[in-house]
Structures are given as structure tokens and as C-alpha cells.
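Side-chain atoms are counted along with the backbone in the values below, which use heavy atoms only and exclude waters and symmetry mates.
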Amino acid sequence: MSDVLEGNISILVPATPVHPSFRNAWNLWSVHLDPIQVGICALLVTGVVLFFRSRNLGGPKHVPLPVDEFIKGHNFIPRNLFPTSSFCSICERNVIEGFCCDACSIVVHAYCSKYAHRRLRCKAIASFGPVMEHHMAKGNLPLPSICNVCFRECGAEAWLCDFRCLWCKATVHERCLPELPDVCDLGKHKNFIIPPNCVKIKMLGMRPRRQPVVSHVRPPENVDWMPLIVIGNRKSGAGDSALVQSAFRAILNPGQVIDVNVVKPEEVLDWVALLPHHTCRILVIGGDGTVGWILNVIEKLDLKPVPAVAILPIGTGNDLSNVLGWGAAVTLPLDMDALLTKIAHADFCKVDRWKVDIRSSSRIGLPLVPARTLIFNNYVSLGVDALVTLNFHRKREQIPRFFASRYMNKFLYFTYGTMDVLERACFNLNSKLTLECDGKFINLPTMEGIVFLNIPSWGAGVNVWNLNRGLEDEEQLINDGYFEVFALYSSFHIAQMQVGLSSPHRLCRAKAAKLTLHKTSVPMQVDEATLLDEEQVQMAAVV
């Protein structure tokens, strides 16, 4: 309803009744509060909050581990054909094609999987009870299996029969089940397992975004306990990480086996922060890039004690894994007992890590882009070597399914290297840069690439620095505080060194280097990460 009064429009709306007490309180506040004072107080409170928040940005931050991925129920993986005769845990009929849980290994038909979450309990990440009890699952026992009570063969009948513990792997006849002790000892790999009765979970956040996180871990009464955290990257190499992670989930607590594509590494390493009095073992399933990623996060979080890192190489190059004795590649299926024994008896070893500062500036010294800092463990290369890797990674991002084999990946590396023999995109690189090592300028030959090497392995296992060297020369070490610098003549030169028919052009050994590019763009590789640079590169040791 409206009315026109002397050219002004007045809109009449229904009045909202105000309670007398509310009106009196509002009048009281409006009389005694100055809007300017209210604004100043709000600014002061905001400044105090931002000040304390900014003080926490620079240092390590505790990031809780979310466990909602592990408490949803079974994680079923489709199987087109089971290697042995298997039976459905719901309808108990034979299964030829169906699903298998990668944590508790129960088998179900596709149409029975919807009932499994309600009827069958999966391996729990946390129970926080005083005693660790058995978690028994019926049927599909590995053959041959021996009953832990009567010591006779069990699980051999052609139907769903007898039981097995998902933690200690004890097998028992159904008739002998009441005689099995209630306490579970977690089996022969108990030193690596975080028992679920030692883990406590709490809800974090506000509704409706509350999520369960691990809040407390009570160490078990085991003198030789060394918890193992398995970190995988399903994008590494031929994509075998998912199969390896499933094998570890069948042995360990499901929360100990995590994919970095699902959970952030900072959250994974919360296990280490929750166990300050125990040195955790970390097994990285991936290539050199994944290993470097995890090492950077460990350093960023400043974890104490520093966890020991082992490597299961499923990447393409795997140079660091090869140097440290974990091999250049793995063959599936894994011998889990042998692998866990190797991890338990592994020795500690320190590796030099180097910081790379990348800066870009104009002729008058003004920065063009923000400076970057990278860390490398294996090597840094500029030129033809990095160009081949850059082309490979660009193509892998476009069609990842085509790069499903480690041998196919190596063949494609060879293909891109052969193409560069004809193109020579990095020809005469020495005229485009200057190199200074330990304060001295280095004379560069006619080259197409330069490599700063930290470990005695390059190009997927080539001990390049020691090619055709005498025994009296100084040995290259991974913890001597030096890196080696050598030049590459061409991609054909790389191929010759791969088969031992040529040697690198060795330039020097140094503790610091400064490389300046002049008005050009050159591909650069830091371990497995590639980028395009037209900047100044400096290297210094990371203590």
C-alpha cells in the first residue's frame, strides 16, 4: 500500500510489534554505546586474531588424520576371476566373478555386496578397549591352513567353512572356535601394527562438516614395537600401488595404509606426531617424485623423532631406491613376509638434500616473478635431459592409461630422446648460461645439457659419474656434502652412457653453485618434477 505526498513516495508496511523489554534494552544500549568505539574495538579484536594466526603460519602445524575413509565399511575391489575357489560370505555360494574387500578379504557377489556392510564387520581402525580380541571371518581360508587348536587341516571343504582371524591370521575349525583364547597377539608382524584397541577417535569440526579424526594412540606393551606407515601414490609408474596397498591393508591397521591422492601427506604423518616416543617406519610406495614429496613434508612438519623412510619402487626411474638398496623395481605379487623382514632389519642412512633457489630479475635487478625454492635428493638437470622428461610428462597427463607399464614408459623416454637427436632443441646451451661453483666460474664445453648429481645413480640406474674412472679416483657418496656436475653433449650422448659406451663430461664437485640463464627459456628437471625456466638458479645444502 502506498501514498503520494508532495512528490515523495512513502511505502507503508505492516509494523512489527516490539516487546517492551526489548525496546527498553535497545534504548539503553544505544545511549551508552558509541558506534565509533564499537568499530575501534572490532578492529582491535580482528588485529589480535590475525596476529596470533600469522605467528602460526611459518612453523609446523599439527594436522589431524581424518579416518572417515576407513570407517565407512568395506572397500570392495572388483575381481573378474578369483585365483582359488571362493565362496560368498553372504549367500555362501560359489563366486566366480564378484568383489573382494581389500582390508578384511571377504568375498561377495555383486548383488550381495549391498548387504555386507550391515551383516559383516570390516577391520576396525579403532576400538580403544583394554584387550585386543580376535576378529574372526568365516570361510575362504588360505590353503593349506592348520587349526590353531587341534592342529589339523581346516578350510579345505568345498563350501564356506571354518574361521580365520583378520589380525593374527589364526585359522580354526568351527567346532574348535570356543577353545581359541580370546586375546589376539596380532601374529608375526605385530611389531608393525598399530592395534585398534590402542587408537581413540574423536569428532572434529562443526556440523554438518564434522569428521572423525585420530585423537590419541596408546603404545602397546611391546618392547620391539616399530609402527609402519605405508604411503602410496597410485599415479606412480605403472599404477601398481593400489594392489600393493591392498596387500598391506590385509596385514596392518587399515589406517596405516594411505594413498596421497585421497589423504594429504600432512594428515598421514599425524601418526608420527601422535607417537613422540617411538621412531616410526614409513614405507613410500612410488617413484623418486613421491619419495621427495614425503621427505619435504617430514622436514616441513619438523617431526620428532624423525621417522625412518623405506622405499618400495614402482616408479619409472627409481634412482634413489636403487642406491639405498631397495632395488630398481618390484615384481608382483610381493613376498610380504620377506619385505617386512627387510624393513625390520634395515640400517639407518643419511642422505644429502639440496635446496634450489630460483629467481628471475630484469636488467636493472627488479624481480619479475616471485622467487621459488625447491629441494632435490637425486639430481637437477637443465637442457636436453629435462626436455625429454618434460615431453614425457606432458603426454602422460593427456593419456594416462597409455602409460600403464614401466617398460612402456622407458620405451617412450627412448622415443622422445630419439626425436631430439633430429630436433636438437637445446643446441649450444653453453652460450646461453654461466656457471659458478664454490665461487669459481666454470668453463663449459659445447653442450646441450648440464646435470647436478647428488647420488651415484642417474637415468634409471646408470652410475654415470663413475663410468670409465680409475679406482684411485675419489668415491662418490650420498652423504659427503658434495654434488657432482657434468655436461651432456646430446640425447645421443645420453643413450651411449645408458649402455656404457661413453662417459660424461665431468666439470667439478662442489658444495654450492650459481647458474645464470641469459635471455632464454630452458627446460629444468628437479628429481622427477619438470618446469620451464628463464631464471637464475642457486643451490645450497639443506642441513
Side-chain angles (χ1 to χ4, degrees), residues 70-77 79 82-96 98-109 112-190 192-199 220 246-257 333 336-337 340:
F70 311 107
I71 62 175
K72 293 179 180 178
H74 300 283
N75 182 26
F76 286 118
I77 299 176
R79 294 282 182 87
F82 288 92
T84 58
S85 179
S86 302
F87 300 91
C88 178
S89 297
I90 300 298
C91 66
E92 301 190 2
R93 290 183 291 182
N94 188 31
V95 178
I96 299 178
F99 293 91
C100 178
C101 178
D102 72 340
C104 65
S105 302
I106 67 165
V107 177
V108 293
H109 292 104
C112 294
S113 60
K114 58 184 178 181
Y115 304 106
H117 297 288
R118 297 195 305 267
R119 297 186 185 181
L120 302 174
R121 183 168 54 95
C122 192
K123 288 179 71 174
I125 185 176
S127 59
F128 209 78
V131 179
M132 179 64 196
E133 299 179 351
H134 291 288
H135 183 171
M136 308 303 293
K138 185 177 181 180
N140 298 318
L141 275 62
L143 298 177
S145 295
I146 303 299
C147 178
N148 281 45
V149 175
C150 66
F151 303 104
R152 296 179 180 178
E153 185 179 9
C154 60
E157 288 78 5
W159 60 82
L160 193 73
C161 63
D162 301 333
F163 289 84
R164 57 185 170 87
C165 177
L166 301 180
W167 294 100
C168 67
K169 310 304 177 186
T171 55
V172 61
H173 291 108
E174 185 172 359
R175 63 177 181 273
C176 299
L177 187 60
E179 302 179 28
L180 186 70
D182 295 333
V183 179
C184 176
D185 63 356
L186 298 176
K188 56 184 176 182
H189 300 304
K190 60 182 179 181
F192 294 112
I193 301 175
I194 300 179
N197 68 308
C198 296
V199 180
S246 298
F248 275 101
R249 287 194 185 99
I251 298 175
L252 305 176
N253 189 318
Q256 295 178 242
V257 186
M336 300 300 294
D337 293 340
L340 291 173

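With a 4.5 Å cut-off on side-chain heavy atoms, L340 and F248 count as touching. Counting heavy atoms from C-beta outward, K138 and L160 have side chains that approach closer than 4.5 Å. Side-chain contact between V172 and E179 is absent, with no heavy atoms from C-beta onward closer than 4.5 Å. Residues M136 and L180 form a side-chain contact, since some pair of their non-hydrogen atoms from C-beta on lies under 4.5 Å apart. I106 is not listed as a side-chain neighbour of I90, based on a closest heavy-atom distance of 4.5 Å or more. Counting only heavy atoms from C-beta outward, the side chains of C112 and R93 never approach each other to under 4.5 Å. Between I77 and C100, every side-chain heavy-atom pair lies at or beyond the 4.5 Å cut-off. When side chains are defined from C-beta on, H173 counts as touching C150, because their heavy atoms get closer than 4.5 Å.
Within the 3.5 Å criterion, the main-chain N or O of C104 finds no donor-acceptor partner in the side chain of H74. In this structure, the side chain of K123 engages the main chain of R249 through a donor-acceptor pair within 3.5 Å. Distance alone, capped at 3.5 Å, is enough to place a donor-acceptor pair between the N140 side chain and the F87 backbone. Within the 3.5 Å criterion, the main-chain N or O of S246 finds no donor-acceptor partner in the side chain of D102. Remark: the backbone N or O of R121 is paired with a side-chain donor or acceptor of H135 at under 3.5 angstrom. S86 places a side-chain N or O within donor-acceptor distance of the main-chain N or O of T84, the cut-off being under 3.5 Å.
The CG atom of L177 lies 9.0 Å from the SG atom of C147; values are rounded to the nearest 0.5 Å. Interatomic distance, I251 CD1 to C168 SG, rounded to the nearest 0.5 Å: 13.0 Å. Within the model, atoms SG of C101 and CG of L166 stand 9.0 Å from one another, a figure rounded to the nearest 0.5 Å. Between the CD1 atom in I146 and the CD atom in E153 there is a gap of 6.0 Å [rounded to 0.5 Å]. Summarising the geometry, atom CD1 belonging to I125 is positioned 8.5 Å from atom CD1 belonging to I194; distances are rounded to the nearest 0.5 Å. Considering CZ of R119 and OG of S89, their distance stands at 11.5 Å, rounded to 0.5 Å.
With a 6.0 Å radius and a threshold of 12 heavy atoms from other residues, nucleotides or ligands, E92 has its CD atom above the threshold. By the 6.0 Å contact criterion, CD1 on I96 is open, its count of non-hydrogen atoms from other residues, nucleotides or ligands being 12 or less.
A side-chain contact (heavy atoms from CB on, under 4.5 Å) with W167 is found for exactly one of M132, H189, E133, namely M132. Among C165, C154, C176, the single residue meeting the side-chain contact (heavy atoms from CB on, under 4.5 Å) criterion with T171 is C154.
In summary, the aromatic rings of F76 and H117 are positioned with their centroids under 6.0 Å apart.
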